[in-house]
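Following: one structure in structure tokens, then a few remarks.
First the proteins, then the strands, lettered A, B, ... as listed; each starts at 1. Since we're looking at a predicted model, the values are computed, not measured.
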Amino acid sequence: MSTLNDFLLVLSAEVQRTLGLWDLRKKTHSQTRRRVCFASDPFLNGETPPRIKDEPDDDGFYASPKEDSKPLKRPREDDDADYKPKKIKTEDIKKAKKRKQEEEEVMWEEERYPEGIKWKFLEHKGPVFAPPYEPLPENVKFYYDGKVMKLSTKAEEVATFFAKMLDHEYTTKEIFRKNFFKDWRKEMTSEEKSTITSLSKCDFTHMSQYFKAQTEARKQMSKEEKQKIKEENERLLKEYGYCVMDNHKERIANFKIEPPGLFRGRGNHPKMGMLKRRIMPEDIIINCSKDSKVPPPPPGHKWKEVRHDNKVTWLVSWTENIQGSIKYIMLNPSSRIKGEKDWQKYETARRLKKCVDKIRNQYREDWKSKEMKVRQRAVALYFIDKLALRAGNEKEEGETADTVGCCSLRVEHIKLHPELDGQEYVVEFDFLGKDSIRYYNKVPVEKRVFKNLQLFMENKQPEDDLFDRLNTSILNKHLQDLMEGLTAKVFRTYNASITLQQQLKELTNPDDNIPAKILSYNRANRAVAILCNHQRAPPKTFEKSMMNLQSKIDAKKEQLADARRELKSAKADAKVRRDEKSKKAVESKKKAVQRIEEQLMKLEVQATDREENKQIALSTSKLNYLDPRISVAWCKKWGIPIEKIYNKTQREKFAWAIDMAEEDYEF
DNA sequence: TCCCTAACTTAGTAACGAAAGT
DNA sequence: ACTTTCGTTACTAAGTTAGGGA
């Protein structure tokens, strides 16, 4: 348990740091560069992350551009001099770095793509549509008011959506049922409409049982049948799961069109239960290049539109009927276009690192401004920076769940405590954020912030906006003036990454073995997840698995007690006998005790780790906020295999970073 | 300035499937 | 061999931001 306490101590130190003493690290190092590049970042004078695969794959595609996209024009010759990413002598690295610094003073003469152009060539096979509805067998009945009723195909299909969710809590919710029933009736024939007038008289249980039996049957399928399905899926993936973008064969993220069903939404969503309609080819806009093979629509159908817009990255889009928003088919995170964007995101965050001090001083000054708008802006920015809150756009009432971010905070979401638990000027936050995840935090703030908040709340109702002179647009415009490319969300990225780097420095013990170091990594990761409020529902089996683990620990403890007793008697025995044999026995018993102690420790650490993770999700920060180069560098520094930190998918997504970062990388 | 929309990132959960226990 | 546990993947909702037009 002591490890847990250590962690909490470190964490609170981190929190303390966040509260006032902004500790900035020294300047970042440049990273080694390889020949094959992403398009260069306008702010970076050509520092470019590399591509990993440089060999053509089975289909003859190159991961990196070969002929048609010219490599960036280098300001100097000896093109390949720093093209040996691994195992270079220190002097070579130093030399390379020096040369690179010189290079960076010379601007690149040519961009790979002109401003806003995302690709030159794009070819794909179009989307995969949801399988058509298969009517229920005759013997599966639907009952209305206790009597069997045969539904029309359309009405039946929608009924099955409800039947499949019967076990779910939300089919009991008033709004869900109301929305569902309204939309369901739209699909009914006029006779059905006149008969079925009340949802509570509908009996879906037989249908529900049928689907459960189907699921069961699927589980019981023979190996061969399962294999067949697997192969079919692979065929589909091979055929539709990839596209060609500028000489690269790239994986598509979501090539399957979302099937029809009932909209759930998260939290208390006013539209829950509405029918998400089936998407037809006639709804689909195809985007590809003019000189590519345009995917044909399914026989007897037409696309809504085929366009050739190389200023966007999507391949397919359609308009969804619940919110009327557009959905897209885009590329996988491992693709060039996503990786490059990801890399740029972290580079922007690193630029923020260079000027964050100035910005912090600025907003502190602004707390004193004569202008209300400026004060509000400054306090909001302080929250965004210190607490990693999201920007908080305004939302249309009645269209979505009632959630807020920083700029949309309402008076009812905070409580001011001039003094609380021995701390002065405490702000208590309690609101629902993105995905209706609760944000609850008690934070001591500076006096000026506190006084400002009191001012902002004067003469307001609980449901009034806290920052009534502010919105995300005003805030982001201001940020843009402070630093090119700066927006509210950059603070989240910056603070997450810098926290990871700092926590890794503090928590990693050089003498630890690999599992202990990985535990430290997870804790650093966890500190970030807590900062960003990344939560999850405790796993359904959490309590049970925790109890299992506890009983294992108890068993181990007993075992330890036994071993200790045996050691004691062996010692007593040895004292009497004073011979070699009994001495040896003592030694081996000692070892046994030690071994069991270790095992017990391990189990306890595991329990702690799991308990700490109960409601915290690490994956979101890992995937979206932590500069992967920090993790890669850490792994290299401590000899941790990268597979221990990133699984296969993650390694693919972060391929650029794995290849780019050396052990001395500084965020 | 406001308002709206398109495009893109970030988010949690359910389903799946492999590995670990029994 | 069967069950449980656990990591991974699929899915799609819910944010942010830029930019255009009134």
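- For the pair A/E652/A/P333, no side-chain contact is recorded, criterion being any heavy-atom separation below 4.5 Å from C-beta on.
- In this structure, of B/dC8, B/dA18, B/dG12, it is B/dA18 that holds the atom nearest to the side chain of A/K230.
- Taking the nucleotide of DNA chain B with the nearest heavy atom to each of A/S473 and A/K653, the more 5' of the two is matched to A/S473.
- In this entry the distance linking CD of A/Q650 with P of C/dG7 reads 12 Å, nearest Å.
- When side chains are defined from C-beta on, A/S208 does not count as touching A/K164, because their heavy atoms never get closer than 4.5 Å.
- Each of A/Q535 and A/E396 was matched to the nucleotide of DNA chain B holding its nearest heavy atom; the match closer to the 5' end belongs to A/E396.
- Side chain to side chain, A/S325 and A/E320 meet the donor-acceptor criterion of an N or O pair below 3.5 Å.
- Candidate nucleotides B/dT13, B/dT10, B/dC8 were compared by shortest atom distance to the side chain of A/A537, and B/dT13 ranks first.
- If you measure from atom CG of A/N613 to atom P of B/dG12, you get 13 Å, rounded to the nearest angstrom.
- Side-chain nitrogen and oxygen atoms of A/Y625 include at least one within less than 4.0 Å of the OP1 or OP2 phosphate oxygen of B/dA11.
- Side chain of A/N533 to backbone of A/R438: a donor-acceptor contact under 3.5 angstrom is found.
- At whole-Å resolution of the value, CZ in A/R492 and P in B/dT10 are 9 Å apart.
- A donor-acceptor pair under 3.5 Å links the side-chain atoms of A/R536 to the main chain of A/K614, judged by distance alone.
- Atom CG in A/D309 sits roughly 7 Å away from atom P in B/dA7 (whole-Å rounding).
- Looking only at distances, a side-chain donor or acceptor of A/S292 sits under 3.5 Å from a matching main-chain atom of A/L122.
- Atom CG of A/N268 sits in a sparse spot, with 12 or fewer heavy atoms from other residues, nucleotides or ligands closer than 6.0 Å.
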At under 4.0 Å between heavy atoms, how does the protein contact nucleotides 10-22 of chain C? Give one character per nucleotide, 5' to 3', with B, S or -.
--BSBSBBS----

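- Rounded to whole Å, atom C1' of C/dT9 lies 15 Å from atom NZ of A/K622.
- Between A/K226 and B/dG17 there is no side-chain N or O to OP1 or OP2 distance below 4.0 Å.
- Atom pair A/M330:CE and B/dA6:C1' shows a separation of 9 Å (rounding to whole Å applied).
- Between the CD atom of A/E216 and the P atom of B/dA15 there is a distance of 14 Å, rounded to whole Å.
- Across all strands shown, A/K477 has no heavy atoms under 4.0 Å from either base or sugar-phosphate atoms.
- A/I322 comes within 4.0 angstrom of nothing in the nucleic acid, heavy atoms only.
- Distance NZ (A/K373) to C1' (B/dT1): 10 Å, rounded to an integer number of Å.
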